[in-house]
Amino acid sequence: MLSVALRTLRTRWATFTGSFVALSLGVALLTVTGLALASSATAPERDPERFAAAPVVVKGQDTLRVPTPIGARESSLAHPRPVPATTVARLRKLGPVVEDRAFPVRAERGPADMVGHPWSTAAFAPYDLATGRAPRTADEAVVTGDWAHPGQRLSTDRGTVRVVGTLTSRGFENAVFFTDARAARLAPSVTQLVVEADPAAVRAAVGDSAQVLTGTARRLADADPGRDSEALTAMNALFGTAGGVTAFVSVFVVASTFAFAVAQRRREFALLRTAGATPGQIRRTVLAEALAVGTLASATGCVLGSHGAPRLAAWVVGNGLAPAWFTIGDHTWPYHAAFWTGLLVALCGATAASWRAGRTGPTEALREAAAESVTITRGRLLYGTALLLTAAVTLGLSLAGDPADLLHRKSYISRPMLLITAAALLAPLVLRPLTRLLTWLPGACALLVRENTAAGMRRTAALAAPVLVTVALAGSLLGATATLNRAKTTETSERTTAAFVVTPPAGTGFDAAALRRLRAVPGTETSPTSSTAVHVLEDGVALVRSEARAAAPGPLAATTRLPLAAGAVNDLDDDSIIVNEEWQRHRVGDRVRVWLGDGTPRTLRIAAVMPTGTGDNGVYVTPRNAPGATVDRVDVALTAGADPSTVATALRQALGTGDGQVLTRAEWIRATHPETKRTTRLGLLLVLGIALLYTGISVANTMVMATSDRARDLAALRLAGATRWQVLRLTGAEALTVVAAGALLGVLVAAVNLAGMASALALLSAPVTIELPWQALGTTTAVCALLAVTSALIPAALALRHRPAQPAAVRA
């Protein structure tokens with residue numbers, strides 16, 4: 001039977017082209033993602049940047065360590081502890097001490113990510129003075145790069161300064177250097193400093209009051225030292241998701257292609273059965289064809305992947321999704337994994353088709369009718385029902401156990417796959433009535449479309465399934481992020497009752513003088529709040545960090561409507577805390593041991609409990625329990641009779657130029673509307689791009705196979721009096737009808753998936769609104785329709801080049 005399989009591949013090469021392209025592309029993508037994952041498993045140890053020439057760096061404690069029965073647990077502090085003054089005094093006796101400061105700076109025509117430092121720290125990078133001189137007065141500054149020049153005046157949120165020099169950029173920051181005195185006024189807190197002394201003596205003087213960094217450990221004093229690990233985590237999620245979707249869709253496309261090919265060849269198999277072939281030989285023939293296609297496609301995919309991986313690495317680095325050091329390493333296991341996965345996909349995709357081919361009886365060769373008598377096979381019905389039940393059970397268990405898990409990215413990407421697969425398998429059950437509904441209009445063309453789609457149900461299902469998968473993926477993934485973002489925005493709108501929200505420049509806070517001026521504005525009641533964090537040890541082993549805000553209870557109640565499940569805001573005091581239902585202990589009156597944002601341990605009473613919501617219902621404490629936190633937001637409520645425009649003008653005057661902004665309630669809600677992270681958005685677009693690419697392959701292959709096989713039917717229509725244009729129009733209408741049916745089923749599946757997320761939001765007491773991405777759905781459907789119509793019309797037009805009698809005579 002191997003010789004029969006090889007001859008079949010040679011003579012029916014067009015039938016297997018789609019499977020070969022889909023499988024080789026899938027293996028190529030698996031190779032690329034596997035190489036990327038292997039290369040991003042570990043990051044090279046980053047060298048120090050800002051303190052490359054510093055002998056010893058002393059950094060305040062920025063990590064909370066809590067002992068547990070299974071070892072110490074660590075978490076980053078929201079407010080790192082400054083180096084104690086007594087420690088600094090001891091260090092000054094050992095050698096020169098240079099205090100470091102870092103704060104954001106915004107200029108009208110400068111880079112968006114500028115950061116300010118004292119001039120004395122520039123020597124530790126070390127920076128080279130390219131032009132000009134060092135700053136000497138408070139209104140002078142030196143910048144890195146060539147975007148400014150000496151003598152130029154810069155208007156910044158830190159005041160207007162004159163550039164007196166430029167430094168050669170070292171690539172890791174856009175810095176602005178002020179005099180040491182000016183930097184000390186702009187950022188009084190000191191959390192790290194440089195000491196020119198013997199490291200052993202420094203460690204003895206510091207003790208456990210701070211960290212002593214030498215050698216490569218000095219990189220921990222750079223800004224965001226964990227950015228490499230964060231970037232690797234994002235890349236792993238991106239490549240892992242792309243690889244998973246590639247495997248999922250390629251299995252689906254290959255299985256669909258083989259199933260359709262077997263359905264078309266039932267007379268061929270029947271003739272083999274008549275000639276004496278056993279069912280087992282028929283099955284082995286189909287599997288041999290899959291083995292041959294799978295081996296060639298997998299080998300081709302590995303070659304393509306080896307060339308595509310370096311290009312992918314350059315793309316992710318160029319778009320800021322990966323660190324500059326990221327490259328593809330010399331790994332071999334991704335090739336093995338991709339090759340054998342591709343071969344397994346081909347064999348799995350052909351297994352079901354081989355069993356159906358083996359059941360072909362010799363009498364099938366005598367059949368003249370092309371219409372299928374069975375709407376759906378028993379195996380497809382069984383597997384589809386099993387997957388549908390599995391999707392329903394897992395959703396029910398999640399809703400009953402932890403509804404918040406359905407709001408996580410890994411859940412709303414992976415969970416829809418079960419329902420999508422089940423819907424694609426069970427689609428033939430509803431495609432016949434759905435296509436009849438879509439073609440209910442009177443007329444000969446609608447009648448022919450209706451009957452042709454019903455008679456060729458395998459062809460209809462093979463074309464509709466990839467459209468269903470793509471539209472359902474687009475609706476489920478993009479709809480999940482849109483639904484979650486809308487729920488978060490609604491939460492913010494319901495929680496904010498203040499007329500105005502006043503915020504300082506990014507990365508800064510309000511000082512006492514600014515707060516006094518804001519409180520003095522007539523006709524207002526202000527509520528200053530600070531960002532902080534609270535840590536709690538749950539189950540005795542898990543150190544959980546919760547984002548928190550510090551506020552006085554009275555003003556907080558006047559400007560904010562917290563969604564409380566129990567307790568009252570006014571019960572909050574210096575000995576209590578407001579928590580949410582995610583906490584293990586969340587009963588009003590219970591006392592919980594917590595660690596504050598600077599690591600200070602406290603035992604506080606629960607004054608009130610908020611529902612979990614979308615995850616933004618954090619923790620509230622009083623300012624006394626937020627040491628080190630600065631006020632970064634002031635909510636302003638209007639008293640009776642106060643004029644909003646007058647109050648807004650007074651607030652802006654009290655704030656001063658460049659010291660922040662005054663936003664109305666509506667402007668604040670728009671400004672805080674959550675946006676999907678760039679890495680998440682690119683990941684979703686990559687997933688959808690892969691799905692759409694496979695859909696194109698599947699649709700084009702199915703339409704070419706189906707239309708080429710219908711040459712006799714098209715000739716019969718011409719003999720019946722139909723013109724060439726009428727036949728082409730009928731072929732295009734059939735393709736559009738099937739695409740419309742698949743798209744409608746895809747929208748329905750997406751709506752069901754989003755209904756699961758809506759149920760989770762309802763259980764979490766969060767606002768529930770389902771957002772379907774209609775623009776993306778319309779674009780996806782239009783692309784599928786264009787592919788289907790083009791793939792149907794081209795082979796039909798080629799078949800109609802002959803006289804109507806020729807194909808009929810040849811096929812008779």
Quiz item: Do you know which two heavy atoms are closest between Gly215 and Pro48, and how far apart they sit?
Solution: O-CG, 3.6 Å
Exercise. Apply side-chain contact (heavy atoms from CB on, under 4.5 Å) to the pair Arg665 and Ser493, showing each step before the final yes or no.
Key: CA-CA 8 Å; Arg665 177 180 176 274; Ser493 176; 3.1 Å; yes
Exercise. Please check if the side chain of Thr87 supplies one atom and the backbone of Val83 the other of a donor-acceptor pair under 3.5 Å.
Key: no
Exercise. Mark yes when over 12 heavy atoms from residues, nucleotides or ligands other than His673 sit less than 6.0 Å from its NE2; otherwise mark no.
Key: yes
Quiz prompt | Geometric class of the Trp119/Phe177 ring pair [parallel <30°, tilted 30-60°, perpendicular >60°] | solution = perpendicular
Quiz item: Atom OG1 of Thr529 and atom CG of Asp635: how far apart are they, to the nearest 0.5 Å?
Solution: 5.5 Å
Quiz item: Taking it one step at a time, do Asp139 and Thr160 satisfy side-chain contact (heavy atoms from CB on, under 4.5 Å)?
Solution: CA-CA 7 Å; Asp139 64 341; Thr160 301; over 6 Å; no
Quiz item: Could you state the interatomic distance from CG (Leu556) to OG1 (Thr622), rounded to the nearest 0.5 Å?
Solution: 11.5 Å
Exercise. Report yes or no: does Asp47 contribute a side-chain atom to a donor-acceptor pair with the main-chain N or O of Thr216 at less than 3.5 Å?
Key: no
Self-check item: Whether Gln653 side chain and Ala650 backbone form a donor-acceptor pair below 3.5 Å
Solution: no
Quiz item: Can Thr144 and Ser169 be counted as having a side-chain donor-acceptor contact under 3.5 angstrom?
Solution: no
Quiz prompt | Side-chain donor/acceptor of Asp180 to backbone N/O of Ser120, under 3.5 Å | solution = yes
Quiz item: Ignoring hydrogens and geometry, is there a side-chain-to-backbone donor-acceptor pair from Thr481 to Leu478 under 3.5 Å?
Solution: yes
Quiz item: Rounded to the nearest 0.5 Å, how far apart are CD of Gln152 and CZ of Arg162?
Solution: 12.0 Å
Quiz item: Should we say atom CD of Glu74 is surrounded by more than 12 heavy atoms from elsewhere, each under 6.0 Å from it?
Solution: yes
Self-check item: side-chain contact (heavy atoms from CB on, under 4.5 Å) between Thr649 and Thr646, intermediate numbers included
Solution: CA-CA 5 Å; Thr649 302; Thr646 303; 5.9 Å; no
Practice problem: Can you measure from CZ (Arg602) to CH2 (Trp595) and round to the nearest 0.5 angstrom? | Solution: 13.5 Å
Quiz item: Do Arg545 and Ser76 get their side chains close enough for a donor-acceptor pair, meaning under 3.5 Å?
Solution: yes
Self-check item: Heavy-atom pair with the smallest gap, counting every atom of Pro126 and Ala123
Solution: CB-O, 3.2 Å
Practice problem: Report yes if some heavy atom in the side chain of Leu193 is under 4.5 Å from a heavy atom in the side chain of Asp100; otherwise report no. | Solution: no
Quiz item: Does atom CZ of Arg203 have more than 12 heavy-atom neighbours, drawn from other residues, nucleotides or ligands, at distances under 6.0 Å?
Solution: yes
Exercise. Could you tell me the separation between the OG1 atom of Thr614 and the CG atom of Asn485, rounded to the nearest 0.5 Å?
Key: 9.5 Å
Exercise. Compare all side-chain heavy atoms of Val56 with those of Val212 and state whether any distance is below 4.5 angstrom.
Key: yes
Practice problem: Report yes if some heavy atom in the side chain of Arg50 is under 4.5 Å from a heavy atom in the side chain of Thr121; otherwise report no. | Solution: yes
Self-check item: Polar side-chain atom of Asp128 near backbone of Ala130 as donor-acceptor pair, under 3.5 Å
Solution: no
Self-check item: With sequence neighbours excluded, residues passing side chain to side chain contact (heavy atoms under 4.5 Å, CB included) with Ala201
Solution: Leu94, Asp198
Quiz item: Taking side chain as C-beta onward, heavy atoms only, is Asp146 less than 4.5 Å from Thr166?
Solution: no
Quiz item: Going by the salt bridge (Lys or Arg N to Asp or Glu O under 4.0 Å) test, which pairs reach into residues 480-497, not counting sequence neighbours?
Solution: Arg486-Glu771
Self-check item: 4.5 Å side-chain heavy-atom contact, Arg106 and Met114
Solution: no
Quiz item: Looking at side-chain heavy atoms only, is the closest gap between His535 and Val594 below 4.5 Å?
Solution: no
Quiz item: Is the closest basic N to carboxylate O distance between Arg101 and Glu99 below 4.0 Å?
Solution: yes
Exercise. For Arg549 and Glu547, run salt bridge (Lys or Arg N to Asp or Glu O under 4.0 Å): C-alpha distance rounded to whole Å, both residues' side-chain angles, the deciding distance at 0.1 Å, then the answer.
Key: CA-CA 7 Å; Arg549 294 204 69 81; Glu547 300 303 319; over 6 Å; no
Self-check item: Exam field: side chain Thr156 to backbone Arg158, donor-acceptor pair closer than 3.5 Å
Solution: yes
Practice problem: Would you please say whether a donor-acceptor pair under 3.5 Å links the side chains of Thr131 and His149? | Solution: no
Quiz item: Quick one: does Leu655's side chain get under 4.5 Å of Phe510's, heavy atoms only?
Solution: yes
Quiz item: Going by an N to O cut-off under 4.0 Å, is there a salt bridge joining Arg218 and Glu49?
Solution: no
Quiz prompt | Side chain proximity check, Arg170 to Tyr127, heavy atoms < 4.5 angstrom | solution = yes
Practice problem: Drop me the distance from Leu638's CG to Asp643's CG, to the nearest 0.5 angstrom. | Solution: 9.0 Å
Practice problem: Take Val636 and Leu651 through the test side-chain contact (heavy atoms from CB on, under 4.5 Å) and record every step on the way to the result. | Solution: CA-CA 9 Å; Val636 181; Leu651 288 172; 4.2 Å; yes
Quiz item: Is the number of heavy atoms from other residues, nucleotides or ligands under 6.0 Å of Arg153 CZ greater than 12?
Solution: yes
Quiz item: Will you find, in the side chains of Thr496 and Arg561, an N or O donor that is under 3.5 Å from an N or O acceptor?
Solution: no
Quiz item: Is a side-chain donor or acceptor of Thr560 paired with a backbone partner of Ala557 at a separation under 3.5 angstrom?
Solution: no
Exercise. May I ask you to check whether Asp632 and Ser531 show a side-chain donor-acceptor distance below 3.5 Å?
Key: yes
